[in-house]
Amino acid sequence: MGVEDKTQPIIVKKKVVQGGHHGGSWKVAFADFALAMMAFFLLLWLLAALEADERAALSEYFQNPSAFEGQAMAPSQAIGDGTGADPSIIDFEGLPDRLDAPPEPVPDDADDETLLERDRERLESLQEALEEAIDRSQALEPFKDQLLMDITPEGLRIQIIDAENRPMFATASARPLDHASGILRELAGLINEVPNRISITGHTDARPLQREDYTNWELSTDRANAARRELIAGGTEPEQIARVVGLSDTVPFDRNNPEAAVNRRITLIVLNQEAEEAMREGIETEGTPPADALDAPED
């Protein structure tokens with residue numbers, strides 16, 4: 001009879017330790033990531049809700065915060081009216097010295113050709129100064145393609161044109177929007193550097209207005225007159241304004257599409273001496289009867 005083996009097997013129990021609080025750290029990281037993404041998309045939504053000029057002003061603020069110290073973020077129609085603010089969207093600092101320097105004296109015996117050449121050089125210098133100032137303006141970045149300048153037989157022409165979804169005036173209204181008001185006032189500051197007089201013309205597109213007693217003729221004229229008021233608010237002397245007219249849709253910018261947005265525009269012409277003299281002669285003869293009528297015998 002064999003001996004009974006009473007040896008008991010040894011059982012070792014191992015306690016599995018769970019991760020505890022360490023196992024949820026990824027949840028915290030994921031929550032932080034989700035919060036950051038929510039903030040990012042909220043920022044994108046806010047930027048999309050801003051107007052183009054407001055986005056440009058915001059961009060300029062972060063590139064040069066001191067530029068807006070003590071000033072409004074965007075020009076308003078009541079600039080300086082009890083606010084002490086005089087915001088500038090065009091930086092005219094560092095303009096060509098030739099505009100600041102006194103003009104060279106013209107000899108008394110200078111011929112007409114010399115005078116016309118001197119006048120043209122002055123207007124070309126003004127054009128270059130305006131283009132340089134506008135190129136430096138961060139706030140004007142969205143509107144640079146809406147400011148057109150060229151030399152015409154009448155002088156320096158500055159056209160402020162509408163773009164689709166980026167008008168200069170309220171719809172069917174002569175009220176300039178904030179950026180248009182600011183542009184006109186700032187242009188006045190530099191135009192005043194030359195003695196030449198200014199012609200202002202308003203244009204519309206061919207779309208008829210929904211009013212029987214108010215047509216594009218009235219609208220174009222009222223917008224030209226609104227531009228005159230903004231120039232005067234910017235420092236232009238009233239006597240420097242030579243002409244304010246409205247041409248409705250009779251001179252479209254885009255002749256192939258009379259209803260295009262670019263046809264709605266304000267045209268400023270810094271008149272050369274020849275055009276100013278021709279205009280003056282036309283005004284002086286306005287209403288004057290022909291010479292032969294004066295000599296006609298009485299009945």
Side-chain angles (χ1 to χ4, degrees), residues 52-53 56 75 88-100 103 116-163 166-169 176-177 179-204 220 223-224 226-228 230-232 234-236 240-245 247 251-255 260-276 279:
D53 57 331
S88 175
I89 61 175
I90 305 179
D91 180 14
F92 286 137
E93 293 184 5
L95 291 177
D97 295 336
R98 55 181 173 273
L99 278 181
D100 299 329
L116 292 176
E117 181 63 26
R118 184 68 58 84
D119 192 35
R120 182 180 180 86
E121 290 176 357
R122 181 166 57 236
L123 293 181
E124 288 176 347
S125 295
L126 175 61
Q127 179 182 358
E128 293 175 5
L130 283 169
E131 290 173 344
E132 290 176 13
I134 291 171
D135 285 341
R136 289 198 304 268
S137 173
Q138 294 273 342
L140 275 184
E141 181 67 32
F143 310 104
K144 288 181 180 179
D145 58 346
Q146 295 176 244
L147 287 168
L148 308 179
M149 282 178 278
D150 61 342
I151 299 292
T152 72
E154 284 191 303
L156 172 59
R157 178 173 60 183
I158 306 169
Q159 297 188 85
I160 308 174
I161 64 176
D162 271 15
R166 200 186 298 163
M168 292 291 126
F169 290 84
L177 299 180
H179 55 271
S181 175
I183 290 170
L184 286 165
R185 294 187 185 205
E186 294 297 336
L187 286 175
L190 193 55
I191 291 174
N192 291 347
E193 297 293 330
V194 296
N196 304 60
R197 302 184 74 191
I198 306 167
S199 168
I200 307 173
T201 307
H203 303 268
T204 66
S220 61
R223 286 182 173 180
R228 177 191 63 83
E230 296 298 337
L231 289 175
I232 292 176
T236 299
Q240 196 174 359
I241 308 295
R243 177 176 60 190
V244 179
V245 296
L247 294 181
V251 187
F253 188 93
D254 184 354
R255 298 181 184 276
V262 294
N263 294 321
R264 303 188 297 268
R265 65 196 191 279
I266 293 293
T267 300
L268 311 177
I269 299 182
V270 184
L271 298 167
N272 56 35
Q273 293 180 359
E274 189 175 16
E276 185 177 339
M279 184 183 300

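Just the heavy atoms: all of them, side chains too, but no hydrogens, waters or symmetry mates, feed the values below.
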Over all heavy atoms of both residues, which pair between [X] and [Y] is shortest? Give the atoms and the distance, please.
X      : Y      : result
Pro176 : Ala226 : CD-CB, 4.3 Å
Leu123 : Gly155 : CD1-CA, 3.8 Å
Ala163 : Ala261 : C-CB, 3.9 Å
Leu148 : Asp145 : CD2-O, 3.9 Å

Can you establish whether the number of heavy atoms outside Gln159 located under 6.0 Å from its atom CD is more than 12? yes
Rounded to the nearest 0.5 Å, what separation is found between the [atom1] atom of [X] and the [atom2] atom of [Y]?
X      : Y      : atom1 : atom2 : value
Leu184 : Ile160 : CG    : CD1   : 4.0 Å
Glu230 : Thr236 : CD    : OG1   : 11.0 Å
Ile158 : Glu131 : CD1   : CD    : 10.0 Å
Ile266 : Ile200 : CD1   : CD1   : 8.0 Å
Ile198 : Ile191 : CD1   : CD1   : 4.5 Å

Applying the side chain to side chain contact (heavy atoms under 4.5 Å, CB included) criterion to Gln273, which one of Arg120, Arg118, Arg122 satisfies it?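 The side chain to side chain contact (heavy atoms under 4.5 Å, CB included) with Gln273 is passed solely by Arg122 among Arg120, Arg118, Arg122.
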Partner of Arg223 under side chain to side chain contact (heavy atoms under 4.5 Å, CB included), chosen from Arg228, His203, Arg264: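 Between Arg223 and the candidates, side chain to side chain contact (heavy atoms under 4.5 Å, CB included) is satisfied uniquely by Arg264.
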Taking Asn263 for the side chain and Thr204 for the main chain, is one N or O donor matched with an acceptor at less than 3.5 Å? no
Donor-acceptor pair, side chain of Asp254 and main chain of Ala260, under 3.5 angstrom: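 Such a contact is absent between Asp254 side chain and Ala260 backbone.
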Quick one: salt bridge (charged side-chain N to carboxylate O under 4.0 Å, His left out) partners of Glu154, sequence neighbours excluded?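 By the salt bridge (charged side-chain N to carboxylate O under 4.0 Å, His left out) rule, Glu154 matches Arg243.
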Is the closest side-chain heavy-atom distance between Met168 and Gln146 below 4.5 Å?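 Side chain of Met168 against side chain of Gln146, heavy atoms only: contact under 4.5 Å found.
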